[in-house]
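The figures here come from the full heavy-atom set of this structure, side chains too, leaving out hydrogens, waters and symmetry mates. To find a chain, count down the sequence lines: A is the first, B the second, and so on, and within it residues start at 1.
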Amino acid sequence: MGQNALHPSGAVGAPVRRVDADDKVTGRARYLDDIVLPGMAHAALVFPGVPHANVRGVDDTRARSVEGFVATVTAADIPGENQVGCVDRDQPLLAGERVRYSGDAVAITVAESPTAAREAARAVALDLEELEGVFDAEKALMPDAPRVHEGDNAYLQYRVHRGDVDRGFDEADVIVERTFRTNYQEHSYLEPLGALAVPEDGGTITVYGTMQCPYYVQKAVAGVLGIPLARVRIVQTVTGGGFGGKEDVPNEICACAAVAAWRTGRPVKLVHTREEDFYRSSKRHPMVVRYKLGATRDGRFTAADITIIADAGAYSTLTPVVLFRSVAHATGPYEIPNVRTDGYGVYTNRQTTGAFRGFGQPQTIFADESVIDEIADTLGIDPIEIRLANCLAVGKRTATGQLLEESVGLPETLEVARDESGWLAKRAGESARAGSDGRAEPGGASRPRERFLRGIGVGAIYYGVSLGAKGLALDASGAHLNLYRDGSLRIAVGGTEMGQGLLTVLSQMASDVLGIPVASVHVDHVDTSVVPDSGPSVASRTTLMTGNAVIGAATKIRRTLAGVASGELGGAPDEVRFEKGRALSNGKSIGIEELAELCWVRNINTAEEGWYAAPESTFDDNGQGDAYAVYSFATQIAEVEVDSRTGEVHVLRMTAAHDVGRVLNPVTLEGQLQGGVLQGVGMALYESMKTDGGVILTPDFSTYILPTSLDTPEISCHAIEAPYSKGPFGAKGIGETPAMPGAVAIANAVAHATGMRFTELPITAEAVRLRLAQEETA
Amino acid sequence: MPIAHELEYARPETIEEALGLLEKHGSGARPLAGGTDVVPAMRDGNLTPEIVIDLKAIPGLAGFTCDAGLVRLGALTTFTDIIESAAVLEHAPLLHEMAVTVASLGVRNRATVAGNICSAVPSCDSGTILLVYDASVHVVGPGGERAIPIADWFTGPKRTALGEAEIVTSVTLPVPSDWHGGAYVKLGRYGGEDLAQASVAVLALSDGSCRVAFGAVAATPVRAPKIEALLGSADLTDALIEDAKKLVSEETSPIADIRASREYREHMLPVMLERGLRAAARRRAGGGPAYGTRHI
């Protein structure tokens, strides 16, 4: 991986092997479904079969005769509040009165095996009064549309208004306006959702589950059981991928298992099949984005007018936080003096939509980066040049008026991606198509089309790290570090490992602060009874927030050790250095394990707490303020070859340049980049959810396809280091950005290759071929 | 998810024993070879036999032979067996080219050609290839053995000429002993494993004639007699290929499904036919791409 790494002497920045690699590769890692407890029963959910209905009755007579039947749990059996809405309180755990989408659970059946539980669930008879549904966000805005909840379907609005948009368009020499549409995207993590709830002594309950946000789950379980948080313990099991899909949805799964366990007094496991996961889990919001951008003749952006309609599905879930992010970032990473962005969240009788890597931004990025390319084409300016001329940099202001004071590596990501991809030559290679005035003409329509058309395209993005001004409260994280008398260190944290490599980078950080080998450090998965509420593991915040908490606690321990070491070796405590397992002072050294033993002998505490809170952020009624503490930046360039006879788009190469603040581990970083790039390829070309009347028609990987290794291009990764002063070792979040610029870079490359601009994703072979056929006959 | 319904499992060691079980249970019995279609269908609840009769312990159904003149695939021959056979690549390379496109490695290790044509979905990869080789399906039942020409085998989507109490014992392909070329062109949505949205098989023979079959664009895999008649034994000139492409709509009747639209299939079939004809002709002439190369 090409990078400008600072190559520090310690573990941070080194290609340390993932600490969980052996367990995962050998199959030793214990995922949720691997856990079997004595007396355990199994739960299944009773689905309504229709997307919108009043529930008049639930009859489990036939279910009771299923061999192995244990119990049926309905809304009436919920001891606490029948409510799991995590922002708006609009979502019952069990739809006892009204079904609002086809994945709503009406009841839970419990039996001795998963098979019997599902058989019992199918045998439950529901008396439903079907209601007319609404399955399209734009139609849901019509005054006569069926209402999903009591109030208007358009239940949510955010805006960013800045400057004078009308004047801005008056100043423009060129204006491009387009409407873009995106589809659902399924998270497709390897491990489906699952939970195991265990009633325990003293009126407590422990819930094990695959999840990103154990503290959300703790609140949801306490709420539905009507018991205090102190009686609810959540343990995150080894988690096989999340991508946002395990942010809030585990609240529902774990709460269902908990209610069933509470009712039966037995451990109850609930694990989704892949199909159930498709039907019931949240997805990337389908969005309609109307985008209007103006620029002067020399390529300076003057105004943007943007409307975003997000299909929230049947319940609000995380739509408020997702839409906030869409609206706050909708202009893309550019300084535009006049902005009017209005975003609406709309209820429909469809699957709920929520967090997915990129969190509401890939949809608006598809719009802004497409329109910018059209403006550049019209003006005859190179797409990267026009981005460099307008992009954010230190000293510039975002659309929310935030002054950027540090860590803005965006211009460098554009330059590095341009140079590493060979952009200038490849972009010019298509100049045969360009007219004499330098303007590109559509797809060489004037001459016989070549069979293979090549193109190169770019996408640039920014991403506010952590929750920002409209995130759920509590943007802080904790850690508990215990240095044992033999010099080994155990770390408990509130941030989750979901496959992204958190355990490894935290081990590296603690290793560097205390001068002990990475092998001496062990980091546990989250147990809510050990570490205080640390917020969610989302929004690229975990390495930054949890990392700072770990560094804080490790620094306290180091201070203790330094005091003991200076007593033993001489020299001042604050001049003691820690490296390679030893403390050095006064020209002498002592092993960390000896220091730890000395502490033990002398009754000195070597366990410490760490706590890190994010800087304050603001967002007023006009969407002005310091929306996020810091931003990550990225540019990706896609090279494609389009087979004009079949419509197939082959991505030949992706060049990804990401400003990460500081590289903590080049290998895990490259893994993050490659995986995200491939999710962008999937969104751009393949992932196409088909639905009909609120029912998903593609609930498996035979009908809903993901890119495979055979569809994987060469991926060239480049890290840019523009350090963030408040980040751990200067690092910023990297979780989301890899999945963000790729889809539009591919769309822009297809436009460059064919002259055809697509305003809907995915750009399937079928879509390309049929559009080419239209042009050929035209 | 495990299979939800109770069922009996039998593993007979002779054909007679298997036929006895079939006769006893009638339509409640389901023969099982690789199980890559049967087991998922049972898991999904779409197939609920009283008994599955696992044929894998019957010695007479195993093994395959491949000589100049005849390929005989025992009913238990898997796609991986075919791919790994140097003899197949030499004598019936088109079979090899088809086999590498089937599903994924794990499925190919279990799935059998006989099972593929017994499931008889219109997109089955084996169907078009067996059609252009003029294969025969050998079955045995209460009435004894019989050979069914592949042209009579497929009777509708997921329907075949196999009798209720019969099982397939082998499939034989008469292979032209002199030089010939073939091509299998399969349309998927991406590089990964996919069902054929449309497929074309071409076998170009030494006398200059071509056999052509289409898959996934009619109720069954179908031969294309009008195209074959037009091509005759003439040189495959650009003009002749263009004329052949115009006949595709008369030989096929594609439908729209969850994977592809009718319109897209109609667009792609002529492109695929052209690529198949050109590749097969080049191979017949001793050149062309190696077998197993994707044509789209």
Side-chain angles (χ1 to χ4, degrees), chain A residues 44 66-67 113-120 122 192 271-276 451 643-651 681-682 685-692 696-713 762 764-774 776, chain B residues 1-7 36-37 40-46 48 100-101 103-107 121 123 185-200 241 245 254 256-276 278 294-296:
Chain A
V66 170
E67 194 180 327
S113 73
T115 309
R118 283 187 174 78
E119 193 180 342
R122 281 193 299 270
V271 179
H272 275 182
T273 62
R274 180 61 64 182
E275 289 81 358
E276 287 165 349
R451 175 171 162 192
D643 184 332
S644 67
R645 307 286 195 275
T646 66
E648 284 173 297
V649 178
H650 296 283
V651 183
V681 171
L685 301 179
Y686 303 119
E687 297 186 46
S688 177
M689 192 81 77
K690 305 271 172 63
T691 62
D692 180 26
I696 288 174
L697 304 177
T698 51
D700 53 57
F701 296 136
S702 161
T703 49
Y704 181 89
I705 56 171
L706 300 164
T708 67
S709 56
L710 291 170
D711 307 290
T712 303
T764 61
E766 172 163 347
V768 174
R769 182 65 201 108
L770 295 181
R771 178 97 174 260
L772 283 166
Q774 275 175 11
E776 281 157 13
Chain B
M1 269 296 292
I3 293 164
H5 80 283
E6 296 275 322
L7 57 94
T36 55
D37 283 333
M42 291 196 293
R43 185 204 62 181
D44 294 344
N46 297 328
T48 54
V100 298
T101 73
S104 59
L105 182 64
V107 172
V121 295
S123 61
V185 189
K186 175 173 173 174
L187 179 65
R189 291 167 294 175
Y190 67 144
E193 60 176 294
D194 206 358
L195 296 181
Q197 337 277 279
S199 63
V200 180
I241 289 175
K245 286 160 71 175
D257 65 15
I258 200 75
R259 292 183 175 81
S261 68
R262 179 180 56 81
E263 200 183 357
Y264 182 53
R265 289 183 162 107
E266 286 171 350
H267 269 284
M268 289 305 299
L269 281 169
V271 176
M272 294 165 66
L273 176 64
E274 174 172 352
R275 290 190 187 174
R278 290 192 191 281
R294 288 167 64 109
H295 301 284
I296 51 173

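- Interface residue A/Glu766: backbone and side-chain heavy atoms are both found under 4.5 Å from chain B.
- Your options are A/Thr712, A/Leu697, A/Val649, A/Thr698, and the one with the most heavy-atom pairs under 4.5 Å with chain B is A/Leu697.
- The CG atom of A/Leu710 sits 9.0 Å away from atom OH of B/Tyr190, with the distance rounded to the nearest 0.5 Å.
- Smallest separation of non-hydrogen atoms from B/Arg189 and A/Tyr686: O-CE2, 3.6 Å.
- A/Thr646 is listed as a side-chain neighbour of B/Arg275, based on a closest heavy-atom distance under 4.5 Å.
- Counting heavy atoms from C-beta on, the side chains of B/Ile296 and A/Asp643 never come closer than 4.5 Å.
- Taken to the nearest 0.5 Å, the CD atom of A/Glu67 stands 7.5 Å off from the CD atom of B/Glu6.
- The candidate from B/Asp194, B/Leu195, B/Ile258 with the greatest count of non-hydrogen atom pairs under 4.5 Å with chain A is B/Ile258.
- Listed options A/Val271, A/Leu770, A/Leu685, A/Ile705 were ranked by heavy-atom pairs under 4.5 angstrom with chain B; first place goes to A/Ile705.
- Annotation: maximal heavy-atom pairing with chain B below 4.5 Å, among A/Ser702, A/Ser709, A/Ala773, A/Pro707, occurs at A/Ser702.
- In terms of heavy atoms, B/Met268 sits closest to A/Arg645 at SD-O, 3.8 Å.
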